[in-house]
Amino acid sequence: MTKEWTPRIVAFFCNWCTYTAADLAGVSRMKYAANTRTIRLMCSGRVDPQFILEAFARGADGVLIGGCHPNDCHYGEGNYKMLRRFALLQRMLQDLGIGEERLRLEWISAAEGEKVKSVINDMVKKITALGPLDLPGKCADWDRELTELAPAVEPAPVESEVTHA
Amino acid sequence: MDKVNGNHDVRIGFYVCQCGHNIAAMVDCAELAKYVGQLPNVVLSRDYKYMCSDPGQELIQKDIKEFGLNRIVVASCSPLLHEHTFRSAVEAGGLNPFFFHMVNIREHVSWVHTDRAEATAKARALARAAIRRVAHHRALEVKKVPVHPDVLVVGGGIAGIHAALTLAKAGKKVYLVEREPSIGGHMAKFDKTFPTLDCAACILTPKMSEVGSHPNITLWSHSEVVKMDGYVGNYTVKIKRKPRYINEDLCTGCQECISHCVYKEPKFHDDFNEGLGKRKPVYIPFPQATPQVVLIDPEVCLNFKRGVLTDKCKKPCVEACGDRKAIDFKQKEELKEIKVGTIIVATGFQTFDVGRMPQYGYGRYPNVYTALEVERLVNASGPTAGDVILRDGCHPKSIGIIHCVGSRDKNTNRWCSRVCCMYSMKLAHLLKEHTEAEIYNFYIDIRAPGKGYEEFYDKLLEEGVHFIRGRVGEVTDWAFIPEEEGKLVIRVEDTLAGVVRRIPVDMVVLATGLEPQADAQDVRRLFNMSCGSEGFFLERHPKLAPVNTFTDGVYLAGCCQSPKDIPDSVAQAGAAAAEAMVLIDKGHIEQEPNTAFVVEAECSGCKSCIPLCPYTAITLNEGSKKAVINEALCKGCGTCVAACPSGSIVQNLFDDEEVFSEIQGVLAYD
Amino acid sequence: MKYSYFPGCSLKGTGRAYEESLLPVLKVLGVELEELDDWNCCGATAYMAVDEVKACVMASRNLAIAEKAGHKELLAPCSACYLVLNKTKHYLHESPVVEAVVQKALRQANLSYSGNTPVRHPLDVLVNNVGIEEIKKHVKHPLKGLKVAPYYGCQIVRPYATFDDQYNPTTMDRLLEAIGCAMVTYPLKTRCCGGSLTGTLPEPGLLCSYILLKEAITRGADLIATVCPLCQFNLDCYRDKMVGRWGNETIPDPRNKDARVPVGPYLDIPVVFFTQLIGLAFGLSEKELGLQRGFAPMRKPACAQPQPAAA
């Protein structure tokens, strides 16, 4: 089935601020793009870098993290911890060839339903311009490439002794 | 194809709620139910009109028994709204409530998207994620945390007073903390209240006096909350008691000290009278102040210089006080610490700063007044004993009252302040009574929604008050014709007549709107609350939970939550008191068991987690050299879980497996 | 300090006294101006009212030339030019449609505009860049005792009020106080003078200007200081018509508040540009400052009381 590609974005929203703001956007009947899939966590501090990498590995084109504004975290400082991880992760993503524009961190307070709408719309626009990431597809391609190439490669002679550096 | 997860027989019941049209209009519920029905582990999949209704809940309970279900997933509205409802239903059906998971396909899908196919696809993805996740759920018990029976009420206006009295009469011990030297709030400044024209002081002072004498209420006026620690049911609050330089227990309120003060005439700015009157350095805020105790202002008292004691004054006040010995110049600020289980925040409002609307001439023209100033002017116990005499000494023969000053305006405050139309009409009535002047009210709409309010408006029309529909553009003193010389001219478009008018008056009254207190942001951080976009404290749900906040155990009452009149403030105060009583009488609060725990066998003792916890719940067990989490202190934020390098910390309800399965679920291809 | 300078049509025509007084004053203060090469009419209020997009194109040609000239900022003394140029900048920034049309038109003339050249007003530059203290240093003859009604007009405060308060501007007040003048309380600082209406619909147009003159007289001003050539023109050039229409209206006698006098004789209150006053305080001559161009003569400050004019 050929369907026109549209980005799939996994969103990790903190319960107290961003998830509530998304509910507010719903209650206010604001309309925005349907490309996000929200996963509710208690705090943005719970977001493990592995979640983000898993999301990309499973086929997400973008990951959005929503937390409380600095100084307003329901648990005090969880959002600061998230910010630290985010900064490091962004650099890692560059090295992995994923591109740091695909990961986005936004501070959205419980009253900012409008911001949820504008951030999602903006992110969908930007990721659509970037095109699909499709890591599972790429991995499958690379696997196929390797299996196709394998017979053409001569096995290296086996070392009889292990040499230490 | 999806792989089966979980190590025992998982039997999931899935329900899609149509929510009438709310969900069904944008999400194909039947299709969704059918799709989920063929996913692994799903035993039955239904769509139903209203899942949260009694029959809906009974359906779940019946299915659990009939089909031996051990997991329930409901796709409907936001978990913030009905997660609790469904968990209770599942529990009533004989299953541990934490085998339940909820999918938000209303606030996050049907209400915010416009393409049915896209919305249904998103709903499918979210449902698939939930199906995968719920397989990993474990049975959990709610945490029961005991609730301290005492209550703190912050703010002694009418809302705070009513809440405190309600709780005190129910036998609870209440601390009432008020920043000003007396309780009473803004209501104490009013002359009469609409629509009954009851004298404000007459209905307020009995309540104030009850607060002052009630054995269950500890009244700390001239005090502020400086820190709140702890968690729901167990708050430790530090309160700063500012020095009055008077011993409250010894002062009898005789006010001899005031008459004997070296200042024979009062000459300092009187806050209570909105600057229209003057007071001495030793003063009582107003005659009916509670507590009935004077205080000394160190900024202007001769015995102090810039707040520091100099001992320069003869101190006739001390002599006048005599045997009572109530004056204590050496009094220092006192820090009190209390333990309470619940807190009611009723810190009220401030009036709009008219300096932000320079076109109305406040400050530039002496005869432009704010509504609060006029309340003091017409008040029999005000600075002019109720004689409406203007700053330039004249009695006004014509008065213009301008509605919506600062409100309903993109340039200042967007909202309607709700009480201004009513109090403007009240002031029109009072001013007409006092002065027989021609009165003009300039309005955009007349908002008179309460009981007896529309009838009050009718009465005003019969009294001959002129109502002109139009937003006043300017108050100015330049005269176009000789008759306008020496007057204030109100320039306004009379939209019903279709002409621009110039109306010369002697006095202008600005109906200033209500806004959040200047330090609302600081106060809300103090109590771990949020503010809405306008700056008022945020309620948990605008319709169903207007007095609760997102922090359990902290409640709101009165204008600090949004502008409202006295009847509504009192009603909200009662509601907040009732909510507090729910916790206190139950004796404990049930907390979501989303705490974290360390799997000792996997902990490497690296100590990365210990400094991360904002509640210092993690410590190192000296014996095993492994991290251990105190469940009573853990609030379930999950920061340590994400940070642990060996992944040995697990969070109930949000453990790694559950989240990973959700991620995989939303992304698995169709 | 060096600025590009856009005089506009008025400053070379009926408003030439403004340029004549502005240039020497700025020279004394060390502010250098370089007139734009081959500038064109900005379109003023007239063209903006007829076709906004085309008006933007015309105005942006000047902005493009200014950018090419290389100085950081553009000085536009005439209020209408100042507003049109700023409005054009706003529209270019906010409307992709206008931006597209304008850039296309500019390309035809081998020009382009990146949107980065600020357009400044002399009041702004004098108060915020040169500074009141610096101006005070150059005052040779403080205009002590001269009572001035400061009239700003509408275009430098509406719709954009970037360097002064929108409702109650004070830059000119502060400038003129620095040279010794006494400001009278003037509630009509930013009220419309009638603008082009004096030409198209004289009845309401003249009334607007008359109101301004009357209030200044009633407040006891010796003269009115303006910043806009059209305001100055409207207030200055129709006195005979005003006397004819409203000369018999009475006002409180400025010397004796209990009596009333007809306003007619007082309607020859001088209307000058604020730069002319600053020039006088700096010791420049009347001829240099173009003071002889006013319809109502303004003598040196010592005898600045209005004399009843011949009817």
Side-chain angles (χ1 to χ4, degrees), chain A residues 1 3 6 8 10 12 14-17 19-20 22-51 54-55 57-60 68 71-78 81-82 85 109-114 116-117 120 136, chain B residues 77-81 102 104 106-115 118-119 121-122 125-126 129 133 524-525 528 530-534 538 540 542 550-551 592 594 612-615 635-644 647 651 653-654 656 659-660 662-670:
Chain A
M1 169 176 66
K3 220 169 31 180
T6 177
R8 287 186 307 165
V10 176
F12 295 96
C14 92
N15 179 61
W16 304 100
C17 284
Y19 195 91
T20 306
D23 274 0
L24 174 62
V27 164
S28 314
R29 310 297 196 275
M30 297 184 194
K31 306 293 180 213
Y32 52 84
N35 303 61
T36 53
R37 312 277 185 259
T38 306
I39 293 179
R40 174 175 164 244
L41 297 170
M42 280 330 231
C43 178
S44 54
R46 175 70 185 91
V47 178
D48 193 325
Q50 290 184 80
F51 294 164
E54 177 80 1
R58 292 277 172 179
C68 306
N71 212 12
D72 290 349
C73 176
H74 186 85
Y75 302 101
E77 303 161 349
K81 310 295 194 303
M82 174 62 237
R85 293 176 203 144
S109 83
E112 292 181 300
E114 180 70 48
V116 171
K117 167 182 153 177
I120 289 179
Chain B
C77 51
S78 172
L80 295 185
L81 197 54
M102 199 156 161
N104 185 338
R106 191 182 70 171
E107 279 87 338
H108 286 199
V109 182
S110 70
W111 275 352
V112 292
H113 301 317
T114 48
D115 180 301
E118 278 177 12
K122 180 169 170 177
L126 293 173
R133 186 199 216 275
R524 68 125 176 137
R525 287 211 179 91
N528 204 0
S530 317
C531 280
S533 51
E534 342 79 356
L538 195 60
R540 186 179 279 238
F550 286 105
T551 305
E592 182 129 315
N594 57 8
L612 292 177
C613 181
Y615 305 97
K635 297 278 135 274
C637 71
T639 307
C640 59
V641 186
C644 175
Q651 181 178 16
L653 280 185
F654 291 95
D656 282 348
V659 181
F660 278 129
E662 247 190 285
I663 298 171
Q664 291 155 16
V666 290
L667 291 169
Y669 286 103
D670 273 37

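Below, all heavy atoms of this structure are taken into account, side chains as well, without hydrogens, waters or symmetry copies. A note on names: the letters A, B, ... follow the listed sequences, proteins ahead of strands, and every chain is numbered from 1. Because the structure is predicted, anything quoted here is derived from the model rather than measured.
- For the set A:Cys73, A:Cys68, A:Cys43, the entry with the most heavy-atom pairs within less than 4.5 Å of chain B is A:Cys43.
- Using a 4.5 Å cut-off between heavy atoms, B:Ile663 touches chain A through backbone and side chain atoms alike.
- Two residues are said to be in side-chain contact when any heavy atoms from C-beta on lie closer than 4.5 Å; B:Glu662 and A:Leu41 fail this criterion.
- Only the backbone of A:Ala33 comes within less than 4.5 Å of a heavy atom of chain B; no side-chain atom from C-beta onward does.
- If you measure heavy-atom distances from A:Phe12 to chain B, the contacts under 4.5 Å come from the side chain alone.
- Residue A:Thr38 touches chain B through both its backbone and its side chain, counting heavy-atom pairs closer than 4.5 Å.
- Rounded to the nearest 0.5 Å, atoms CG (A:Asp72) and CG (B:Asn528) are 9.0 Å apart.
- Proximity to chain A (any heavy atom under 4.5 Å) is shown, for B:Ala643, by both the backbone and the side chain.
- Taking B:Arg133, B:Glu107, B:Gln651 one by one and counting their heavy-atom pairs under 4.5 Å with chain A, the maximum is reached by B:Glu107.
- In terms of heavy atoms, B:Leu80 sits closest to A:Tyr19 at CD1-CD2, 3.9 Å.
- The distance from atom OG of B:Ser78 to atom CZ of A:Arg40, rounded to the nearest 0.5 Å, is 7.0 Å.
- Judged purely by atom type and a 3.5 angstrom limit, A:Arg37 has no side-chain atom pairing as donor or acceptor with the backbone of B:Leu667.
- A:Arg8 and B:Ala668 make their closest contact through NH1-O, 4.3 Å (heavy atoms, listed as atom of the first residue, atom of the second, distance).
- Taking each heavy atom of B:Val641 and A:Asp48 in turn, the nearest pair found is O-OD2, 4.4 Å.
- If you tally non-hydrogen atom pairs under 4.5 Å between each of A:Gly45, A:Ala111, A:Ala60 and chain B, the highest count goes to A:Gly45.
- For A:Ser28, no part lies near chain B; criterion is any non-hydrogen pair under 4.5 Å.
- The shortest side-chain heavy-atom distance between A:Val10 and B:Val666 falls under the 4.5 Å cut-off.
- Between the side chain of A:Arg46 and the backbone N or O of B:Phe654, at least one donor-acceptor pair lies under 3.5 Å.
- Only the side chain of A:Lys81 comes within less than 4.5 Å of a heavy atom of chain B; its backbone N, CA, C and O stay farther away.
- Of the inter-residue distances, the one linking B:Glu118 atom CD with A:Asn35 atom CG reads 6.5 Å to the nearest 0.5 angstrom.
- Pairing each heavy atom of A:His74 with each of B:Phe550, the nearest pair is CE1-O, 3.8 Å.
- Only the side chain of B:Glu592 comes within less than 4.5 Å of a heavy atom of chain A; its backbone N, CA, C and O stay farther away.
- Contact between A:Asp23 and B:His108 at its shortest, heavy atoms only, is OD1-NE2, 3.0 Å.
- Taking all atoms of both residues into account, the shortest heavy-atom contact from A:Pro49 to B:Ala642 is CD-O, 4.5 Å.
- In this structure, NE2 in B:His113 is found 13.5 Å from CE in A:Met30, a value given to the nearest 0.5 Å.
- Looking at B:Asp115, neither its backbone nor its side chain comes within 4.5 Å of chain A, counting heavy atoms on both sides.
- Residues satisfying the ring pair (Phe, Tyr, Trp, His ring centres under 6.0 Å) test with B:Tyr615, not counting sequence neighbours, are none.
- B:Arg524 touches chain A through its side chain: at least one heavy atom from C-beta onward sits under 4.5 Å away, while N, CA, C and O do not.
- Using a 4.5 Å cut-off between heavy atoms, A:Glu114 makes no contact with chain B at all.
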Go through A:Tyr75 and B:Thr639 one step at a time and tell me if the side-chain contact (heavy atoms from CB on, under 4.5 Å) criterion holds.
CA-CA 9 Å; A:Tyr75 302 101; B:Thr639 307; 6.0 Å; no
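- For B:Leu653, no part lies near chain A; criterion is any non-hydrogen pair under 4.5 Å.
- Residue B:Cys531 touches chain A through its backbone alone, counting heavy-atom pairs closer than 4.5 Å.
- The OG atom of B:Ser530 sits 9.5 Å away from the CH2 atom of A:Trp16 when rounded to the nearest 0.5 Å.
- For the set A:Glu77, A:Arg29, A:Met42, A:Lys31, the count of heavy-atom pairs under 4.5 angstrom toward chain B peaks at A:Arg29.
- Contact of A:Ser44 with chain B is not made at all, since no heavy-atom distance falls under 4.5 Å.
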